Structure formats: structure tokens, C-alpha cells
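Following: one structure in C-alpha cells, then a few remarks.
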Amino acid sequence: MLEILAPCGSPETLNAALNAGADAVYLGLSSFSARKNAVNFTFDDLKAGVKKAHRYGVKVYAAINTLVFDDEIKELEKTVIQAKEAEVNAVIVQDLGAAKIIKKLAPELKLHASTQMTVTSASGAEFAKKYGFTRIVLPRELSLEEIKKITSRTDIETEVFVHGALCVCVSGQCLLSAVIGGRSGNRGLCAQPCRLNYTCGKRENVLSLKDLSLIDELKRLEKAGVTSAKIEGRMKRPEYVEAVTGQCKAALNGEKTDIGLLKTVFSRSGFTKGYFDESFSEMSGIRRKEDAEGSEEALKEIRGLYRQPLKRYKTDITIIAKKDAPLYCKAVCGDITSEVYGEIPQKAINRNTGEKEISDRINKFGGTVFEAASIKCIADKGIAIPAAVLNGLRRSLAEQLEDKIEEKTKKL
């Protein structure tokens, strides 16, 4: 199934992405991130964030995707070691020299070729593969037919932007911000000068484009062989990430999407499909007053939605409670099995703990990514089991499942 890849500019946004159902997230460290002005992640933030994501079964890609100067190589090496120690699943890279250093220092780290490498053809994809990359982030300037040509002629993974800001220039080739204000986009400091009101005859704002949205095209991208659907927005708020991630998941599940909600959360004169269907006449747009109307109210409504984890895993649970044996509980979650034991049940004096009560207590997986698909309970009569004991058994079960999911996700 197509991977939904969400942007995380801060630890809070990471929580929003995880709870909204992202399959993977990408984030920047304190250095070498193409979104230098995002909050980004310290090393401690990164370690904690990766561990939490992995326990949810979510992969983490670290962006080390700016051009690197010679006098920054020592700092680059430090950043690579941090990414390695945090056990991220892959690093996103633009600079081929940086890629060579990464392969030397951390050969186990997968390399994803940044969109700023401008890989626009199957031959370019094969070059990236030969150089050690396992995935290419395709530029936004490709049509669906051009994407198909790449996916059909090479077996390297492909990642396509499906929602968010659209640059007027070819990905990775813009020098406008650097020329005007000394802030290079390839160094993570784009000042977005294309959003200023440049005119051409009677036309205004000729360089500013609408945001891209291909959420209604996800099934076509999946059919075309694309690996990952990428959401742009490491500078955006957690509510934005929650809303877009949620709509992407809905689209993939065949549910009706709410583009009106996304327009309210953030848009520039609506959305465009950009180069995807080659409808170039509908691409221009600016952030208008009416685009911002209702935005804060929508964000408030969304804010409460990402506080609780999404129920990602359905589990089949078996509980056995015998008079003279320790409590036993087993959970089967896909290809992962968890087994835990508790204390021997007490003899009932005033009230028997029946099978329904045991099942109901074990089923309370609130605050976790699990929910019971089925529960089978076999319990002797005449036993008493305190609620605290059953709660502890359930927590142990969930923790063991998370441990095993974490170990599995580290290797993906």
C-alpha cells in the first residue's frame, strides 16, 4: 500500500503525524536541514521521537539535505553519527559528497535522493541507485506519465509530493532567494521571494503558485508504482499535518475526502494539480484574506483530534484464568505475538470475577495503538481477580507488543 509520509518540524508535530495515521515521517536535525527555520530536532528530541515512532510502527527519515561546505564536514560527520545512533530508517540527501561521507560513516543507513537532486528520468534514477540510493524523491515538475516512465523502467523506490507548497522554479535549482537576500534555499534558508508581487503587464503575482494537492489522485499514483506519498510542510502547524495526513489516509481507504477542510486550514486561492495533469493554466495563486477566513476556527476543531493515538493494530486476544495457575494472556497482532503471565487468581469470597468482566477490563486499550478484534476468555468459576491485576496484565501485553513492533520497524 502507498506510504503516507508526513512532515515534522517539531516534536509536537511528530505527535500529530503519528496520531493522524502517518506510515512514515521526515524531520530535520539542528544542522543541514533544508528547513533551517523550523523548530527541528535536537539529538535528544530525535532519539525520543524515533523510539516513539518505531513503537507505533512508523518509519523516520532524517533530512540532511542541504549543500555542505568544506569547513562543515566535521559537523556533518557529527550529525550523521547522531542519525545513526538515533536509529532513523533513512536519511534524505542532496549533496553527493555528503552521501559518500554518510555511506562511509554509517553504511547501514538508507539513502533517499532529495528532490533537490532533480532526478527527472529513469537514467537519473539508475544513477542514484548505482550510487547507493534506495529511493528518489521525484521533483514536483513531473507529470503522471513521466512518473510512470520512471517507475516502469527502474525498481528503485519513488516518492512523490502530493500536498503542500509549490515552487515556481525547478526543484533544487532556484537561486532567487540567494541572489536577492543571501538566503539560499539549498542551504535551508529560502525567504520565499517568489511570493512577492512581481508583475508582467497587467498580471500580478506572476511567480506565486497555488499549493499542490493530489490527494484525490493517490490511487492513481499507487497504481503507477509510486512507493510514498509525501506531504510538504515542515514549517506548518501540527493541526495542518493532522488534517492533511488524515485526508490522505481517507483517500487511500476509499473514503470521501474533505478538500474544503484543507482549503480552510491553508490554501493559496485554492489548490492546483500542478504538472501532474499538465493543466498549467490553473497554477497561479496567492494567500488571500478569504483564504484565511475560518482558518483559526478549523484549527481549534482539529487540535483535539491528534491527542489520542490512532488505533493502528487489531489484535486477537486469548485469556485463561484457572484456579491454581498464573493468569495467562496472549495477543496475536499480524505476525507479532505477545504472551504475558500474571499472579494466581484468588478464591472468590463475596463476588466472582466472570469471563465478561475479565474481557472488558483487558479490552481497555485507551491511549495505545491497539484495539481488540476478538477476545476469547476461559475462566474458572469461584475466582476473584482485582481490577489492578487485570490492568497490569493489559499494560504488560501492550508494552510487549510495542517492543516487538519497535524492533521490527527499526529494520525497515
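None of these values were measured; they are calculated from a predicted model.
Remark: R287 qualifies as a cation-pi partner of F266 under the 6.0 Å distance and 45° angle criteria applied to the six-membered ring. Annotation: cation-pi pair K314/F370 absent, no NZ/CZ under 6.0 Å from the ring centroid and within 45° of its normal.
A donor-acceptor contact closer than 3.5 angstrom is absent between the side chains of E157 and T227. Using modelled atom types and a 3.5 Å distance limit, the side chains of E126 and T154 yield a donor-acceptor pair. No side-chain N or O of D277 forms a donor-acceptor pair with one of S143 less than 3.5 Å apart. Under 3.5 Å, the side chains of S374 and D316 contain a donor-acceptor pair of N or O atoms. Looking only at atom types and distance, the side chain of Y313 has no donor-acceptor partner in the side chain of E371 under 3.5 Å away.
By the neighbour-count criterion of 12 heavy atoms within 6.0 Å, atom CD of E282 is sparsely surrounded, having that number or fewer from other residues, nucleotides or ligands. The 12-atom threshold is exceeded at NZ of K311, counting heavy atoms of other residues, nucleotides or ligands nearer than 6.0 Å. The environment of NZ in K236 is crowded: more than 12 heavy-atom neighbours from other residues, nucleotides or ligands sit within 6.0 Å.
Distance check: L209 CG to M283 CE gives 5.0 Å after rounding to the nearest 0.5 Å. Here CZ of R234 is found 11.5 Å from OG1 of T13. Values are rounded to the nearest 0.5 Å. Rounding to the nearest 0.5 Å places NZ of K330 at 9.0 Å from CD1 of I320. Going from atom CZ of R312 over to atom SG of C333 covers 12.0 Å, rounded to the nearest 0.5 Å. How far OG1 of T264 is from CG of D291: 9.5 Å, rounded to the nearest 0.5 Å. Rounding to the nearest 0.5 Å gives a distance of 15.0 Å between CD of E141 and CZ of F276.
Taking both residues in full, the closest heavy atoms of Y275 and R140 are given as CD1-O, 3.2 Å, listed atom of the first, atom of the second, then distance. Residues N205 and N197 approach most closely at N-OD1, 2.8 Å, considering heavy atoms. What you find for A16 and P238 is that their closest heavy atoms are CB-O, 3.5 Å. Contact detail for P11 and F41: the closest heavy-atom pair is N-CZ, 3.6 Å.
At a threshold of 4.5 Å between non-hydrogen side-chain atoms, the residues R268 and R195 count as touching. Between I101 and K103 there is no side-chain heavy-atom pair separated by less than 4.5 Å. Between L327 and I385, some side-chain heavy-atom pair lies under the 4.5 Å cut-off. When side chains are defined from C-beta on, L218 counts as touching C248, because their heavy atoms get closer than 4.5 Å. The closest side-chain heavy-atom distance from V160 to I147 is below 4.5 Å. Using a 4.5 Å heavy-atom cutoff, the side chains of I231 and I4 are in contact.
Comment: D360 does not engage K364 in a salt bridge, judged by the lack of any side-chain N to carboxylate O separation of less than 4.0 angstrom. Taking a cutoff of 4.0 Å between a charged side-chain nitrogen and a carboxylate oxygen, E75 and K78 do not qualify as a salt bridge. A salt bridge between E72 and R187 is present, with a side-chain N of the basic residue lying under 4.0 Å from a carboxylate O of the acidic one. Salt-bridge annotation for E146 and K149: absent, with no side-chain N of the basic residue lying under 4.0 Å from a carboxylate O of the acidic one. Remark: D155 engages K129 in a salt bridge, criterion side-chain N to carboxylate O under 4.0 Å. One finds a salt bridge joining K410 and E407 here, because a Lys/Arg side-chain nitrogen approaches an Asp/Glu carboxylate oxygen to under 4.0 Å.
Listed by first then second residue, pairs satisfying ring-ring contact (aromatic ring centres under 6.0 Å, His included) with a partner in residues 100-124 read Y61-H112, not counting sequence neighbours. Pairs engaging residues 49-67 under the salt bridge (charged side-chain N to carboxylate O under 4.0 Å, His left out) rule: E3-K59, K51-E406, R55-E402, R55-D403, R55-E406 [sequence neighbours left out].
Using a distance-only test at 3.5 Å, with no hydrogens or angles considered, a donor-acceptor pair links the side chain of T272 to the main chain of G274.
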Residue pair V244, V265: steps toward the side-chain contact (heavy atoms from CB on, under 4.5 Å) verdict: CA-CA 9 Å; V244 181; V265 169; 5.9 Å; no
Decide side-chain contact (heavy atoms from CB on, under 4.5 Å) for T115 and L138; before the verdict, give the C-alpha distance in whole Å, the side-chain angles of both, and the deciding distance to 0.1 Å. CA-CA 5 Å; T115 185; L138 295 176; over 6 Å; no
Check against side-chain contact (heavy atoms from CB on, under 4.5 Å), C329 and I317: CA-CA 7 Å; C329 192; I317 299 171; 3.8 Å; yes
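Taking S121 as the reference, S123 meet the side chain to side chain contact (heavy atoms under 4.5 Å, CB included) condition, with sequence neighbours excluded.
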